[in-house]
Each structure stands twice: as structure tokens, then as C-alpha cells.
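First the structure, in the form of C-alpha cells, and then the observations on it.
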Protein chains: 2
Amino acid sequence: MTTSLEITHPPAHGDLREGLINAGLTLLARDGTAGLTLRKCAALAGVSHAAPAHHFQGLPGLLDAIAARGYSRFADAMEAQASAGPNEPRARLEAICLAYFDFARDNPALYDLMFRQIWSLAGSGEELRLAGARAYAVLAEASAPFVLPGTAPGVVETQVWSLIHGYATLTLVGKLGRNRPIASVEDLLSLLRRLPLNL
Amino acid sequence: MTTSLEITHPPAHGDLREGLINAGLTLLARDGTAGLTLRKCAALAGVSHAAPAHHFQGLPGLLDAIAARGYSRFADAMEAQASAGPNEPRARLEAICLAYFDFARDNPALYDLMFRQIWSLAGSGEELRLAGARAYAVLAEASAPFVLPGTAPGVVETQVWSLIHGYATLTLVGKLGRNRPIASVEDLLSLLRRLPLNL
DNA sequence: AAGTGCGCTTGACAGTGTCAAGGAAAACGG
DNA sequence: CCGTTTTCCTTGACACTGTCAAGCGCACTT
């Protein structure tokens, strides 16, 4: 009944918290959202079922920490993809959108956790707030060249974010391509190409 | 709004199924996603905790049925709003998008259930499939005038759907307005105004 | 009137998160 | 080097979840 995976080393002092987060990420990637459980995390990290409560305040706290880690990786992925291409506004924006979608596709359960966290009202969630803000900053920076004078930056940012996030979530739940052949990410981005540049 | 869901005494033969669905909708509206439970539905409908299993195949089946009801109301709401305004392509599209957002805002838990149903692999879900297709048809019809010759209809449909769905979900989880002042739905729709009409 | 099904109830089971209480062991102070 | 304190974790219980097997009751059939 015990799962095959066990962490062999007795956890050194500080890193049980880290171990629990990693266990959560593993479970999420392997078994999906339903497979992520406080008790399974504890078992995978090699501790008793109530141990997580001492490092996070209950399940919400653990999910918060996992989501924060997710946002961190998310921001890294977008930054990397943006830096890989030409340093031109439209290319950067499209690179970030592609990275956004790829991340969601490659980490569906984690992505779902990140953008679902209705709980997170629990802890102040400082770590989560910071990681989320960093990811948002990447998107905001790429949107900046399209902000027309006299308009709030939040408008373009929200347009871009809504578009790519909607596409990602709809794809993840399998909604797209049910009634029509799937429109690709490039098809999607063609709408953004209509955005005028602020020269 | 229908209706009384209080079945005080032994329910007549056919309508326990209906009563359970209504109980589910009530719980969803009152207590949110976490408040929707097989046992609470059964209790609210006045039957024993295992009764639902005979009308739906377990929890997934009940959620399927509730989501189907949600899609039906969703399609109704969009159609009503579209018919209320002028019969002009841009006005219709914007009316539908506004109705889309209003529905999500007014029925957050139900909306979440509808667009989350990862389960629904259970039953073939014919009822759900139909109701979902009807809602999609409303959106597709409003998008049709913007389909340029030589392009697949699915492209514009996906653009519109992704944009409004992304905005709705981001708003629901409270992501928007954290880093910048909130961009309104109208701000969002200004992006769609860039879509050329197919005259 | 007896037989036959269907609709629902009852009771149990393995899970889940959470909490109170206790123990082991490291850190500390003398 | 010993006693105390503090920190971290374990143990055990609780209420709650969905699911399943068995069985009761009542309507309908013959």
C-alpha cells in the first residue's frame, strides 16, 4: 500500500518545508490536482501525516507555498523565452505569450493550482504575492510598448493577459476544438497584432 | 428563477433528480464550490445520503447534470441580452460579452463548475454536451460577421471566447486589480473593436 | 392475492484535513 | 557534565467526504 517513492534521507533540520513543497510539486505533476494531498505529501517527504501543519498553516498554507513556487518558475520561463528572441516589442510579446501557453500545457495541474487559489486568504501569503507580482511584471513589461499615451497601462496588460489566459484555460479543460477545429496559439496572437505600437 | 427546492415529504416519482439538481444549484450559490457535496445535496432534497447514486453515477454524474443546467441558463442569458439591444453585429457581440461576464460574476461557483469539469469523463454526458454546444452556438453566431473570407470561423470564435473567458476567470479569482487598477469590461472590449467586419 | 422490481435507506469502509496532547531530541544555561 | 527549555515532530482521535453492498418498502403486474 505504500507508494514506491520514499525519501531516504532523514530530513536535515531546515529543509522539511522544502521537501514538502517538492513532494507537492511531484504529486501534482504525476497524479494531477486530485493526487495532491496533505497526507500524501507528508508520506512522500517521509514524515507523519500531521507534520505539514507545523510548517504551513494547514492545507491552504501548503498550497500557497506550492503556488508561489509555481509562479517563480512561471516568471523564469517567460523571461527566458523573451530573452531568447529578438529584442523587438512584437517579438517579445509573442514570445511571452507562447511561453505562457507552453507552461500551462506542460504543467496543467500546477497552473490550475496557481490560478485557482481561492483559499490563499489564509496566510498573508507574502511569498505568493511576491512571486505573482514578478510574473505579472514580465507581462507588463512586454505590454508597455503598446500602451498609448493617455491610457492606463492596465488596459493593454489586461487585454493581453485575458486573451492568453483564457486560451490556456480553455485548452486545458478541453473546451476548445469540440465544436470547431482548434485554433492555434498563432491564430490567437493575430488579434494582438492589431494592437498599435506607441512609437 | 425557479423555484422551491424544498421537498418536504416523500417526493413524487420522477422529480428527485430535479430536486437534487436544484439543491446543488442552491448550495453552489449559497456556500460556494466547497459547499457543494453529495450528502448535503441529498439532505437538502430530503433524501438519504446515498440516494443520488441511483439517479446519477456518483458525484461526477451529479456535477455533470448541474453544469448542464448551468450552460442552459448561460445560453439563455446571452441570448436575452443580445436580443435586447440593436440588431447590429458589433452591438450584438458586445452585448453577448457583457452577458457572459455578468453571468460569471453573478454565479461564480456555478461558472467555475461549468468550466472546470475535468471529471465529466464519467458519463457520456449527452445532456452536458448539448447544453454546452448551445451556449457555444450563441457566441459563434455573434462572431460570424467578423469571419473574414478564407479564414476558419473557429479563429474569431476562439479569439472572442478566450478574451472574455480569461477576463472573467481572472476577475473571479481576484487576480485583476492587484497590481494595477482594474480594467473594465469595456476596456477589454476595445480590443475586439479592432476586429474588421466582413462586409 | 401473490410475485416482482424499482427506489430508496441503512450501515460500513477507506480516505481527507484538522486539532489536542505528548514525546524525543537538540539547544541552552549553569 | 547535567538539568531545563524550546523546537519539531508523532500519535491518536474527530468530523466529514464519496462509494459500495445489502436490504427494506411500496407500487405495479399477473
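Here is how names work: the chains are called A, B, and so on, in the same order as the sequence lines, proteins then strands, and each is numbered from 1. These numbers were taken from a predicted model, which means no experiment stands behind them.
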Separation of D/dT19 C1' from B/Leu38 CG (nearest whole Å): 9 Å

Ring-ring centroid check B/Phe115 B/Tyr71, cutoff 6.0 Å: yes

Candidate nucleotides D/dT17, C/dT16, D/dT10, ranked by approach to the side chain of A/Ser48 - the nearest: D/dT10

Ring geometry between A/Phe101 and A/Tyr167 (parallel below 30°, tilted from 30 to 60°, perpendicular above 60°): tilted

Any A/His49 side-chain N or O less than 4.0 Å from OP1/OP2 of C/dG15: no

Atom-to-atom span, CG of B/Leu16 to C1' of D/dA27 - whole angstrom: 16 Å

Which residue lies more 5' along DNA chain C, comparing A/Ala53 with A/Lys40 via nearest heavy atoms: A/Lys40

Gap between atoms CZ and P, on B/Phe56 and D/dC20 respectively (whole Å): 16 Å

Between P of D/dC16 and CZ of A/Arg39, the distance in whole Å: 16 Å

Listed nucleotide nearest any side-chain atom of B/His54, set D/dC9, C/dC8, C/dT10: C/dC8

A/Leu20 CG - D/dT10 P separation (whole Å): 10 Å

B/Pro60 side chain, from C-beta outward: closest of D/dG18, D/dT19, C/dC8: D/dT19

Nucleotide of D/dG18, C/dT10, C/dG17 approaching B/Ala50 most closely (side-chain heavy atoms): C/dT10

Length of the CG-C1' vector between A/Leu59 and C/dG15, whole Å: 14 Å

Side chain to side chain, A/Leu25 and A/Arg73, heavy atoms closer than 4.5 Å: yes

Steps toward side-chain hydrogen bond (donor to acceptor under 3.5 Å, both in side chains) verdict (B/Tyr100, B/Trp161): CA-CA 10 Å; B/Tyr100 192 113; B/Trp161 196 11; 2.9 Å; yes

Minimum-distance nucleotide (side-chain atoms of B/Thr37 versus D/dG18, C/dG17, D/dC9): D/dG18

